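Following: one structure in structure tokens, then a few remarks.
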There are 2 protein chains.
Amino acid sequence: MAATLRDVARLAGVSFRTVSNVVNGYQYVSDATRAKVEAAIAQLGYQPNYSARSLRLGRSNLLGLAVPTLSIGYFGELASEIIDVARNRGYTVLTEQTNSSRERELDAVQGARRQMTDGLLINPLALTSDDATIFETERPVVLLGENVFSHKVDHVTMQNVAATQAGTEYLIGLGHRRIAFIGLADPEGASVGTSVLRTEGYRQGLAAQGIEHDPRLELSAGSWAYEDGVSAVRSLLSAGVGFDAVFAATDVLAMGALHELQASGLDVPRDVSVLGFDDLVEGRYTTPTLSTVDGGRRQIADIAVDMLLSRIESPTSPVAFREVAFSLIERKSTRSRL
Amino acid sequence: MAATLRDVARLAGVSFRTVSNVVNGYQYVSDATRAKVEAAIAQLGYQPNYSARSLRLGRSNLLGLAVPTLSIGYFGELASEIIDVARNRGYTVLTEQTNSSRERELDAVQGARRQMTDGLLINPLALTSDDATIFETERPVVLLGENVFSHKVDHVTMQNVAATQAGTEYLIGLGHRRIAFIGLADPEGASVGTSVLRTEGYRQGLAAQGIEHDPRLELSAGSWAYEDGVSAVRSLLSAGVGFDAVFAATDVLAMGALHELQASGLDVPRDVSVLGFDDLVEGRYTTPTLSTVDGGRRQIADIAVDMLLSRIESPTSPVAFREVAFSLIERKSTRSRL
DNA sequence: GTGAAAGCGCTAACAC
DNA sequence: GTGTTAGCGCTTTCAC
């Protein structure tokens, strides 16, 4: 059995209150006592029992993180960044994968596990604004992404419309006029809110440059996997719709699209430009390297953790909403300016 | 404040012992009482306090997982699979990123967080067999990978030597004779044990087919990032060493290599075949698609969780060691058989 | 079938 | 500066 405070106290010949003081870095402990206690701690290999501490304090220093899956693209990198930021702030992260299922997302928000953590970071894809009320409890939560809107919950998102519009206008600036967009909301698919906004940004970009929008150029994102990028391009090609650029709503879709374009004998960017969204590392190593819109993922990780910890510390402070900055990253999958 | 067992008992008009019985599905509770209690639970939205339960039970239903990073390749997919398997077994995973640093790996094994979990899954890269003793405590731990060997700790690994040898012989079977290998142990780099074994497999593969091994064809894996694949190819090319195939110790290295070969104007697989190791999803969408050795990652996730839970349940059962099966996945980055 | 009571290991309010 | 004590919410003997 592991050593307890009492064991340490006994060995050091002090009261166990004193040991607690030492462990918690309390101020008024004589150097001699401290030394004795520390020696005893080292000798017994004492480590505090977190369950007991949590029970007493009502805080666990655990944060919940609920994302669709760690295995692919955006969410893996986001989780990685969030875990690092949380660690630097003294928190450990308990990761759940919702697989974009409504049931699992509800469970993350309302389920029993919620009890173990001091707060939750969730990027809901299946839940929508209709479910907003379930977030309106006193338990700290920060929403990532834009599927759920509520002026009663802390929220951090990308500027999806503006960023996608900028991407679209960038392609137009390159001389493209027939720009296909992969990322349409699919009722069966995930990420509905994001789809809607990025689709809107795409259309606004066209409109801003006076280009007629052609519904045949707007493709579903399916479940946002590589394969969906493949099938979008395939259907575009088989429908015989002319296009000179592809703007995909995520880098993963873009890489699927790039793959299929090349498999069909097209040259990127000579025949078709490809633009992604997310700035995943992988995009730096495709051939050609992938031009992309960086929606601001790294900043989201920072801000989200920060927001959540603020909320934990002051539950009554005003609800926060933050949008992060985006930027365009030009690599080789889009053609040079004419 | 959240409702407690006592609150529920008061509302239901029973003793709080009875409520506990209902919550834990105890057998002898009359249907009427059960119904009353359940109604009270629902009305108050009662959820058990896990800290209290853990304190009492001495178990948290939390598992620790320590991997270098979630953001890239193998470990992101592995973590994803492990979290799913653990969830199906009723456990939640607390993820830590060690960034392959010795200090962080030690912290994962010995640090305070260890106390919060019922067991630890760790894939050490910086720790070595010299550190084996730190694992030999009574706390459940399962080692993934092969940096640390000890007959006193549960362990699950790939058949690295055999798998790499098979990959090498596959390339030879394709007609290749000048096969470069990227993945040499770099004292500064990570994954030393894996490097050594995969290097050994490569050399054995050559030897088995009577091919002389040329040290100039063996390249360092650096820190196992995409960029290290790039630099390996770059140094190969600038040294003017002839080669007709590249076998990279991971898919990420292989994708970096593929990228650089193409950037240098070489055609894969016409001029050079490229073979990876790991079977990451991304490899299905490169151009050309990436041939690879599947070391058995999915099986590792299953077995590791299973081993750890067995160990938690019976701390004194014999130490287990398992090697998983590998397979070769032929795609388009290796040339067709002559 | 249900109730009372002990105690898991810790922190903090209160004495001294 | 250090010691005593209550109690966080729960599970689990032990009675009844």
Side-chain angles (χ1 to χ4, degrees), chain A residues 1-41 44-62 90 112-118 138-139 312, chain B residues 1-41 44-62 90 112-118 139:
Chain A
M1 203 46 212
T4 72
L5 271 190
R6 299 194 130 80
D7 299 329
V8 176
R10 200 171 308 129
L11 181 62
V14 299
S15 95
F16 85 94
R17 154 68 204 268
T18 305
V19 180
S20 173
N21 282 347
V22 172
V23 171
N24 296 294
Y26 211 69
Q27 14 192 357
Y28 302 115
V29 182
S30 73
D31 287 352
T33 321
R34 184 180 301 274
K36 259 196 309 190
V37 171
E38 277 166 355
I41 288 178
L44 293 173
Y46 167 77
Q47 286 183 334
N49 179 314
Y50 280 92
S51 299
R53 181 179 278 181
S54 299
L55 174 58
R56 185 62 240 235
L57 259 34
R59 324 191 317 114
S60 60
N61 274 290
L62 251 30
R113 277 186 188 74
R114 186 69 188 282
Q115 249 277 117
M116 306 198 227
T117 57
D118 295 339
E138 71 282 2
R139 322 192 101 156
I312 290 169
Chain B
M1 204 44 213
T4 73
L5 271 190
R6 298 195 131 79
D7 299 329
V8 176
R10 201 172 305 129
L11 180 62
V14 299
S15 95
F16 84 94
R17 153 69 203 267
T18 305
V19 180
S20 173
N21 283 345
V22 171
V23 171
N24 295 294
Y26 211 68
Q27 13 193 359
Y28 303 115
V29 182
S30 73
D31 287 353
T33 319
R34 185 181 299 275
K36 259 195 310 188
V37 171
E38 276 167 355
I41 287 177
L44 294 173
Y46 168 77
Q47 284 183 337
N49 179 313
Y50 280 91
S51 299
R53 182 178 277 180
S54 299
L55 174 57
R56 185 63 238 235
L57 259 34
R59 325 191 316 112
S60 60
N61 273 288
L62 252 29
R113 277 186 187 74
R114 186 68 189 282
Q115 249 278 117
M116 307 198 226
T117 57
D118 295 340
R139 325 192 98 155

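Predicted model, so just to flag it, every value in this text is computed and none were measured. Lettering of chains follows the sequences in order, A, B, ..., and the numbering in each one begins at 1.
- A straight line from CD of B:Q115 to P of C:dC8 spans 15 Å, rounded to a whole angstrom.
- A heavy atom lying under 4.0 Å from DNA chain C marks the following residues of residues 44-59 of chain B, by number: B:L55, B:R56.
- Listed pair B:S30 / C:dT2 meets the phosphate criterion, a side-chain N or O lying under 4.0 Å from OP1 or OP2.
- No donor-acceptor distance shorter than 3.5 angstrom exists from the side chain of B:D118 to the backbone of B:R59, with no hydrogens or angles considered.
- The side chain of B:V14 lies closest to C:dG3 when the candidates are C:dG3, D:dC10, C:dG1.
- If one axis is set at each end of the helix from C:dG1-D:dC16 to C:dC16-D:dG1 from five pairs, those axes are 40° apart, to 10°.
- Here B:R53 pairs with nothing under the salt bridge (Lys or Arg N to Asp or Glu O under 4.0 Å) rule; sequence neighbours left out.
- Not one side-chain nitrogen or oxygen of A:S15 sits closer than 4.0 Å to the OP1 or OP2 atom of D:dT4.
- Remark: B:R10 pairs with B:D7 by the salt bridge (Lys or Arg N to Asp or Glu O under 4.0 Å) rule, at least two apart or across chains.
- Residue order along DNA chain D, read from the 5' end via each residue's closest nucleotide, puts A:R6 first among B:R6 and A:R6.
- B:L5 places its CG atom 13 Å from the P atom of D:dC8, with the value rounded to the nearest Å.
- From B:N21, atom CG reaches atom CZ of B:F16 across 11.0 Å, with rounding to the nearest 0.5 Å.
- The CZ atom of A:R139 sits 5.5 Å away from the CZ atom of A:R114 when rounded to the nearest 0.5 Å.
- The CZ-C1' distance, from B:F16 to D:dT11, rounds to 9 Å in whole Å.
- A side chain to side chain contact (heavy atoms under 4.5 Å, CB included) with A:Y46 is found for exactly one of A:I41, A:V37, A:L11, namely A:I41.
- Listed pair B:S20 / D:dT11 meets the phosphate criterion, a side-chain N or O lying under 4.0 Å from OP1 or OP2.
- No side-chain donor-acceptor contact under 3.5 Å links B:S54 and B:S51.
- For B:N24 and D:dT12, the CG to P distance is 7 Å, given to the nearest whole Å.
- A:K36 places its NZ atom 12 Å from the C1' atom of D:dG1, with the value rounded to the nearest Å.
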Would you list the protein and nucleotides 13-16 of chain D atom pairs, both N or O, that sit under 3.5 Å from each other?
unit_1: D:dT13; atom_1: O4; unit_2: B:R17; atom_2: NH1; d: 3.1

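- The backbone N or O of A:L62 sits nowhere less than 3.5 Å from a side-chain atom of A:T117 that would complete a donor-acceptor pair.
- For B:D7 and D:dG9, the CG to P distance is 8 Å, given to the nearest whole Å.
- Within the 4.0 Å cut-off from OP1 or OP2 of C:dC8, not a single side-chain nitrogen or oxygen of A:T4 is found.
- Rounded to whole Å, the distance from CG on A:N61 to C1' on C:dC10 is 14 Å.
- With sequence neighbours left out, A:E38 forms a side chain to side chain contact (heavy atoms under 4.5 Å, CB included) with A:V22, A:R34.
- Proximity of a side-chain donor or acceptor of B:Q115 to a complementary backbone N or O of A:P48 within less than 3.5 Å is detected.
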### Verdict with reasoning, B:N49 to B:T4, per side chain to side chain contact (heavy atoms under 4.5 Å, CB included)
CA-CA 8 Å; B:N49 179 313; B:T4 73; over 6 Å; no
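- The shortest distance between the side-chain N/O atoms of A:N21 and the OP1/OP2 oxygens of D:dG1 is not below 4.0 Å.
- When all heavy atoms of B:A52 and A:L55 are compared, the closest pair comes out as CB-CD1, 3.7 Å.
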